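Below is one structure. I have some questions about it.
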Amino acid sequence: MTDYRNSAFMFVLGAIVALFVTVQSIVFLRRAWQEGKRRNIAPEVMRKAVISSAVFTLVPSLSILLTMLTLSGALGLALPWIRLSVIGAVTYELPAAEAAAQAMGASLMTSDIPVSVFSVIIWVMTLGIMSGPIFIIAYFKKLQGRVNKIKVEDNRWGTLLISAMFVGLISSFLGSALAGGIVSILTLFSSALLMVFCIMLEQKAGLKIFKDFALPLSMIGAMALAILYSGLLGGM
Amino acid sequence: MEKTTGDNQNYEQSIHRMGRIWMSMALLVILAVPLAISVNFQTWPALGYLMGGLLPIMMIYVPIGIIEVITFSPMLGSGATYLAFTTGNLTNLKVPCALNALEIAEIEPGSSEGEVISTIAVAASSLVTNIVLVIGVLMFVQLAPVLSSPVLQPAFENILPALFGALGYLYISKNWKLAVVPLALMVVIFMIAPTAPVGILIPVSALSAIAAARFMYNRKMI
């Protein structure tokens, strides 16, 4: 029997999911663009948002691709492709698949997972992540209404509230990185320093490209330095 | 001015309608995958095994899923929320991507212009991830040894410090007063429990930042 995990059927499913996500993204992009034009946002600003976001996405996407390759050993290539194209994340897919495999007395460490286990894994991976989208369909409009109400009642506090949430998100990752060992700490500070350097190049030398691509440049530079730090410090 | 407010409300209404329709369709497509696999391979999961795998995952990810919506949606705005919660990878990709686009455009997060820019950013990001994954599927044999090479592993293992170091500088240098309490709290928590899951601590950190911001706002410190 051919490998069911990498069968044409599985790749057709993957193509359908990828096509759906592509169409949805284009529809939302088009709608936002129209709205931007109506609000007199310069097309150049919106174009820059597309390009900077596309460039920024490349490196994290390689990390997602790496997860796809990691999962492909046990699950084939098509299923990780499907799962990583839709709601979920690198940090969710692996534990979900492992929990499902363990419930069947199997493990992702093996490459010959029976189709019965495979079926449980895909059901668990799918159903386990549904709460967010269901909550959005049921309550998001109400929630957004409340946020808008806060902004209308006290715009300054509304703006501060959202900034505080951003800072809260970033602080949690900074705390995690600071506790992640010396390579993680050095990478964190290198990235921040590279960002300072990009801002200086933009402000002092007038090199606009360093503003538009400051984040991906800092990120790639810090990741390259992580390789160096790891080599020098022996992966501490 | 009144017309603009009315138009903004029309946009809000239309984006919620559109978002709910697309998200419902996305759920159907996502659910159709295991259904099609079970039908095609004629193997349906026994309820006992399914629940055995599902319960431990749901205990963690149901609250996280709901908390993520409450935490991220005010930052992303309506259009970007509907799209980001279909395409996934929020904390490591979509939210930082929207933040970066807003920063470059010099537009306030949560404003009506911010709503447009973050939707554009998330849409562009989703398209690029999709293309990268398709290339990964087509060129699996060539890419697998490169991406999994031991030389590159420290780079991928440290992708989050590399991302949040730069992003942290950008935001904290502008809002350092807002960052003192959540950052101190997170450093203490991670010093005590270095392997604590970040996903669960994001709302804790966000709530502490909001509480500190409210305290300072009431006392006109910010």
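Only heavy atoms go into these numbers, but all of them, side chains included; no hydrogens, no water, no symmetry mates. Small disclaimer: the values here were computed from a predicted structure and weren't measured. Order of the sequence lines sets the chain letters (A, B, ...), proteins ahead of strands, with each chain counted from 1.
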Check the pair A:Phe135, B:Phe85 against ring-ring contact (aromatic ring centres under 6.0 Å, His included), reporting the backbone distance first and the verdict last.
CA-CA 10 Å; A:Phe135 184 76; B:Phe85 276 87; 9.3 Å; no
Using ring-ring contact (aromatic ring centres under 6.0 Å, His included), reason through A:Phe20 and B:Trp22 one step at a time and then give a plain yes or no.
CA-CA 10 Å; A:Phe20 178 85; B:Trp22 274 96; 5.5 Å; yes
Main chain of B:Ile104, side chain of A:Lys211: is a donor-acceptor contact present, judged purely on distance under 3.5 Å?
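Judged by distance alone, yes, a pair lies under 3.5 Å.
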Where does B:Glu157 contact chain A at under 4.5 Å (heavy atoms): side chain, backbone, both or neither?
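Nothing of B:Glu157, per the 4.5 Å heavy-atom cut-off to chain A.
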Do you know which of B:Leu152, B:Ile222, B:Thr71 has the most heavy-atom pairs with chain A at a distance under 4.5 angstrom?
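The candidate making the most pairs under 4.5 Å is B:Ile222.
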Does A:Arg39 count as lying over the ring of B:Tyr11, i.e. NZ or CZ under 6.0 Å from the six-ring centre, within 45 degrees of the axis?
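So A:Arg39 does make the cation-pi contact.
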Check: B:Thr43 main-chain N/O paired with A:Ser119 side-chain donor or acceptor under 3.5 Å
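Such a contact is found between A:Ser119 side chain and B:Thr43 backbone.
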Which atoms of A:Ile199 come close to chain B, meaning under 4.5 Å heavy atom to heavy atom: side chain ones, backbone ones, both, or neither?
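Side chain only.
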With a 4.5 Å cut-off on heavy-atom pairs, point out which of B:Leu160, B:Val33, B:Val187 contacts chain A the most.
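Most heavy-atom pairs under 4.5 Å with chain A: B:Val33.
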Atom of B:Leu133, atom of A:Ser85 and distance for their closest heavy-atom approach
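Closest approach of B:Leu133 to A:Ser85, heavy atoms only: CD1-OG, 3.8 Å.
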So, does A:Ser172 use its side chain to make a donor-acceptor pair with the main chain of B:Ile202 at under 3.5 Å?
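Here the side-chain-to-backbone pair does not exist.
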Distance (rounded to the nearest 0.5 Å) between B:Met23 CE and A:Ile136 CD1:
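The CE atom of B:Met23 sits 4.5 Å away from the CD1 atom of A:Ile136.
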Using heavy-atom distances under 4.5 Å, tell me whether B:Glu68 contacts chain A through its side chain, its backbone, both, or neither.
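No part of it gets close to chain A.
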Tell me whether the rings of A:Phe166 and B:Tyr171 are parallel (<30°), tilted (30 to 60°) or perpendicular (>60°).
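Answer is tilted, since the angle falls between 30° and 60°.
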Using non-hydrogen atoms and a limit below 4.5 Å, what part of residues 12-19 of chain A faces chain B?
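Against chain B, the residues of residues 12-19 of chain A that fall inside the cut-off (heavy atoms, under 4.5 Å) are A:Leu13, A:Val17, A:Ala18.
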Intermediate values then yes/no, ring-ring contact (aromatic ring centres under 6.0 Å, His included), A:Phe28 and B:Tyr82
CA-CA 9 Å; A:Phe28 275 72; B:Tyr82 284 111; 7.0 Å; no
Contact class of B:Leu50 relative to chain A, heavy atoms under 4.5 angstrom
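The answer is both parts of B:Leu50.
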Go through the atoms of A:Val55 and report whether side chain, backbone, both or neither lie under 4.5 Å from a heavy atom of chain B.
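Neither part; nothing is under 4.5 Å.
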Could you check whether the rings of A:Phe118 and B:Phe41 sit parallel, tilted or perpendicular, using 30° and 60° as the cut-offs?
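Answer is perpendicular, since the angle exceeds 60°.
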Option in B:Ala206, B:Ala166, B:Pro154, B:Gly48 with maximal non-hydrogen atom pairs under 4.5 Å from chain A
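When all of B:Ala206, B:Ala166, B:Pro154, B:Gly48 are compared, B:Ala166 has the most.
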Among B:Ile64, B:Val95, B:Thr86, which has the most heavy-atom pairs under 4.5 Å with chain A?
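Option with the greatest count: B:Thr86.
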When heavy-atom pairs shorter than 4.5 Å are enumerated against chain A, which of B:Ala162, B:Ala124, B:Ala209 gives the highest number?
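Among the listed options, the one with the most contacts to chain A is B:Ala162.
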With chain A, which of B:Ser126, B:Ala26, B:Ser112 has the greatest number of heavy-atom pairs at distances under 4.5 Å?
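Between B:Ser126, B:Ala26, B:Ser112, the count favours B:Ser112.
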Under 4.5 Å from any heavy atom of chain B - which part of A:Leu65
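Backbone plus side chain of A:Leu65, per the 4.5 Å heavy-atom cut-off to chain B.
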